[in-house]
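Being a predicted model, the structure only gives us computed values, none of them experimental. Residue numbers start from 1 in every chain, and the chains themselves are labelled A, B, ... in the order their sequence lines are given, proteins ahead of strands.
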There are 2 protein chains.
Amino acid sequence: MPQPAPAALGDPLYEVDTPALILDLDAFEANLQLLATAAQAAGVRLRPHAKTHKCAEIAKRQMALGAIGICCQKVSEAEAMVNAGIDNVLVSNEVVGKAKLDRLAALRKRAWVGVCADDAGNVDDLDAAAARAGVRLPVLVEIDVGAGRCGVAPGAPAVALARHIASKENLEFAGLQAYQGKAQHIRGIGERRAAIDKAVAMVRETLDGLKAAGLDCLIVGGAGTGTFEMEAASGVYNELQAGSYVFMDADYARNLKEDGQFVDTFRHALFIHTTVMSHPAAERAYLDAGLKAFSVDSGLPTVHELEGAELVRASDEHGALALSNPGNRPKLGDKLRLIPGHCDPTVNLYDWIVGIRDGRVEALWEVTARGALA
Amino acid sequence: MPQPAPAALGDPLYEVDTPALILDLDAFEANLQLLATAAQAAGVRLRPHAKTHKCAEIAKRQMALGAIGICCQKVSEAEAMVNAGIDNVLVSNEVVGKAKLDRLAALRKRAWVGVCADDAGNVDDLDAAAARAGVRLPVLVEIDVGAGRCGVAPGAPAVALARHIASKENLEFAGLQAYQGKAQHIRGIGERRAAIDKAVAMVRETLDGLKAAGLDCLIVGGAGTGTFEMEAASGVYNELQAGSYVFMDADYARNLKEDGQFVDTFRHALFIHTTVMSHPAAERAYLDAGLKAFSVDSGLPTVHELEGAELVRASDEHGALALSNPGNRPKLGDKLRLIPGHCDPTVNLYDWIVGIRDGRVEALWEVTARGALA
């Protein structure tokens with residue numbers, strides 16, 4: 001069973017039960033608008049990644065501002081989004097195994113649903129699943145543009161796989177998936193730019209090969225929050241897949257701060273609302289949020305707007321605060337906000353996003369695809 | 001909405017969809033029996049920690065083998081367990097804030113429910129909540145026996161807080177919570193033993209003080225999977241709160257292995273069932289399980305029984321496998337098992353535990369308190 005919502009509409013923020021995911025609606029809406037405007041100005045489409053928020057209400061707001069559709073990473077995530085009314089989903093990932101392929105093909109009957117591939121045998125399986133469902137399935141070739149994860153090599157291998165897709169009766173070659181994930185978290189903007197320049201060159205080489213083979217790309221997709229301006233200006237990408245921009249997180253913020261570039265652009269919109277539940281010594285206190293309330297893969301969350309307070313450790317249900325400023329220490333029962341180290345796996349821990357404006361709960365949104373792993 | 005179960009009863013293991021939490025029922029039952037027998041032999045009660053499994057079906061099996069009740073860390077977790085029929089729950093943690101205290105007191109009407117405290121003001125709030133609900137609430141004093149987290153100091157401060165509890169009309173002083181959490185993960189058994197020896201001395205000192213004050217302890221609780229034999233033999237602890245023993249995880253296993261002690265006792269019972277979803281090069285492949293399918297706070301999961309395969313990196317939805325043995329490489333679509341680095345936050349990511357025996361699905365258990373953070 002999903003957990004009950006931690007608040008009711010209209011509640012003041014201080015009455016929201018903890019731990020809870022709090023969304024600053026002003027900051028969130030500004031973030032949505034900013035990327036929508038940037039994509040429009042650059043003349044590229046926006047297909048934000050829903051793996052960050054997993055929330056249909058957010059996806060609908062992204063599309064209302066001009067996004068052509070969304071990306072998902074999982075079939076079950078795409079199902080949850082289509083069930084909630086989203087009609088255009090790219091699964092920006094490979095899908096393997098008959099059960100999942102049949103679910104994917106079934107979903108194509110209800111919405112525009114595309115998928116990525118990096119293996120000829122998998123393409124055969126995709127074709128068979130599409131045939132069983134009686135659909136024509138759009139398939140993108142994923143190319144490895146430097147992230148060193150999934151994907152075929154750019155150039156000839158990608159063109160060969162695209163040809164293979166195009167040769168299938170029940171598939172439609174729909175373009176290139178060219179996400180440079182590693183570049184998103186490189187600290188210096190110069191190095192990020194160099195990584196994206198290389199990616200762009202690989203995409204261009206592949207596009208030339210596809211053109212020579214007579215294959216058009218509906219979608220040339222990629223980009224994340226750390227690099228989207230570069231892909232947008234590249235002349236080769238036509239869809240941006242940034243996700244984290246809606247919330248921002250501590251890791252992305254460290255990049256933007258060091259660059260001195262985007263500081264005044266995206267704002268922290270997502271917070272973990274917590275309570276001081278033990279305060280055994282003046283210099284240390286414990287929050288009621290630990291490893292089940294935030295992910296730590298990209299570092300611990302940071303404490304929002306409480307000078308001299310630092311989250312220094314987390315166990316399953318506790319977050320340890322070090323308090324260095326004697327004049328500025330929270331009391332037992334006080335509520336604090338944390339900025340997640342990494343939003344995506346943190347959001348996946350919650351059933352609800354609590355939208356706040358002017359100190360009150362204005363929105364209660366289900367995390368529609370929470371736990372959608374399959 | 002909870003995710004659909006990844007399998008049906010009777011399905012062969014290879015048809016279980018991935019990622020899924022797989023429970024080896026033979027190993028699990030052996031683990032349950034082993035600790036039940038050890039507690040009985042030592043003449044101490046067993047109150048296993050349900051924060052590990054969050055699963056009422058498992059709690060029921062622990063109690064069927066003699067456990068007096070369970071521990072929970074959160075009020076919402078206790079609610080989920082009482083709703084599922086568990087009638088004896090110690091919230092082995094502090095509970096702060098009126099909303100939660102009222103939920104806790106309401107729960108006391110339906111089951112034996114105790115809680116811990118480490119602050120006099122919080123004790124006043126507990127008393128007020130119990131008065132509002134018309135219940136008498138058992139409260140344990142949490143003492144810090146070396147973990148350096150929550151709890152008052154042993155000895156006089158603990159006795160003072162116990163007196164304060166005992167003076168309250170709607171509270172009942174119910175004992176000591178004395179969990180040495182830090183000791184659980186110390187690598188060498190000698191150092192673990194030294195840490196527990198110190199904890200035992202602190203508990204003894206506090207018990208002497210309580211006795212002098214005329215206060216009896218119903219519960220002297222603590223112990224985890226890494227040290228339970230020591231607390232059981234201490235002569236001061238009367239309830240063991242181990243939790244991880246039901247599943248075991250990679251981190252505890254590293255301890256046991258280094259000790260050469262428990263190797264033939266607890267077995268790995270919990271696994272993450274995954275699929276190879278991309279295999280772009282001979283030496284590397286990608287699993288369909290990443291940061292949303294396992295926690296990495298205690299290290300990456302390890303690969304179960306596939307020599308030459310190592311999980312070397314994880315992103316949100318991908319696990320990167322390094323494959324060093326050319327003669328032993330999985331193919332695209334193959335299913336592998338991972339051993340979680342840390343079970344507790346991993347289980348919390350899933351809606352279902354899939355129980356397997358003789359290669360088939362014998363049980364499908366809901367993770368009853370999944371996401372119960374409040």
**OP:** Mind ranking Ala80(B), Cys150(B), Ala293(B), Pro4(B) by heavy-atom pairs under 4.5 Å with chain A and telling me who comes out on top?
**Re:** Cys150(B)

**OP:** Tell me, with the steps shown, if Phe247(A) and Thr225(A) meet side chain to side chain contact (heavy atoms under 4.5 Å, CB included).
**Re:** CA-CA 10 Å; Phe247(A) 298 145; Thr225(A) 297; over 6 Å; no

**OP:** Give the member of Val152(A), Asp316(A), Thr346(A), Val276(A) that has the highest number of heavy-atom pairs under 4.5 Å with chain B.
**Re:** Asp316(A)

**OP:** Let me know if Asp144(A) has heavy atoms under 4.5 Å from chain B in its side chain, its backbone, both or neither.
**Re:** side chain

**OP:** Using the test ring-ring contact (aromatic ring centres under 6.0 Å, His included), find all partners of Trp352(A) that sit at least two apart in sequence or belong to another chain.
**Re:** none

Original post:
Which atoms of Ser295(B) come close to chain A, meaning under 4.5 Å heavy atom to heavy atom: side chain ones, backbone ones, both, or neither?
Top reply: neither

Subject >> Most contacts with chain B, counted as non-hydrogen pairs under 4.5 angstrom, among Leu349(A), Thr275(A), Asp17(A) >> reply: Asp17(A)

**OP:** Check the pair Leu13(B) / His273(B) against side chain to side chain contact (heavy atoms under 4.5 Å, CB included), numbers first and verdict last.
**Re:** CA-CA 9 Å; Leu13(B) 174 57; His273(B) 189 54; 3.8 Å; yes

Original post:
Who among His279(A), Met277(A), Lys335(A), Lys98(A) has the most heavy-atom pairs with chain B under 4.5 Å?
Top reply: Met277(A)

Original post:
If you tally heavy-atom pairs under 4.5 Å against chain A, which of Glu94(B), Glu15(B), His342(B), Glu317(B) wins?
Top reply: Glu317(B)

Original post:
Relative to chain B, which segment of Glu366(A) carries a heavy atom at a distance below 4.5 Å: side chain, backbone, both, or neither?
Top reply: side chain

Original post:
Quick check: does any side chain N or O of Asn83(A) sit under 3.5 Å from a backbone N or O of Glu79(A), one acting as donor and the other as acceptor?
Top reply: yes

**OP:** Mind running side chain to side chain donor-acceptor pair (under 3.5 Å) on His53(A) and Asp344(A) for me, showing each step along the way?
**Re:** CA-CA 7 Å; His53(A) 56 69; Asp344(A) 301 26; over 6 Å; no

Subject >> Arg370(A) portion near chain B, given a 4.5 angstrom heavy-atom threshold >> reply: both

**OP:** Salt-bridge test for Lys51(A) and Glu77(A): reply yes if a basic N is under 4.0 Å from a carboxylate O, no otherwise.
**Re:** no

Subject >> Flag for Thr18(A)-Asp288(A): side-chain donor and acceptor within less than 3.5 Å >> reply: yes

Original post:
Where on Ala320(A) is there a heavy atom nearer than 4.5 Å to chain B: the side chain, the backbone, both, or neither?
Top reply: neither

**OP:** Tell me, please, which residues at least two apart from Phe271(A) pass ring-ring contact (aromatic ring centres under 6.0 Å, His included).
**Re:** His304(A)

Original post:
Is it the backbone or the side chain of Lys182(A) that comes under 4.5 Å from a heavy atom of chain B, or both, or neither?
Top reply: neither

Original post:
What part of Arg149(A) lies closer than 4.5 angstrom to a heavy atom of chain B: side chain, backbone, both or neither?
Top reply: both

Subject >> Between Leu332(A), Val95(A), Asn122(A), Asp125(A), the one whose heavy-atom pairs under 4.5 Å with chain B are most numerous >> reply: Leu332(A)

Original post:
Going by atom types only, do Ser92(B) and Gln73(B) share a side-chain donor-acceptor pair under 3.5 Å?
Top reply: yes

Subject >> Among the listed options Thr368(A), Val367(A), Asp297(A), the residue most often paired with chain B at heavy-atom distances under 4.5 Å >> reply: Asp297(A)

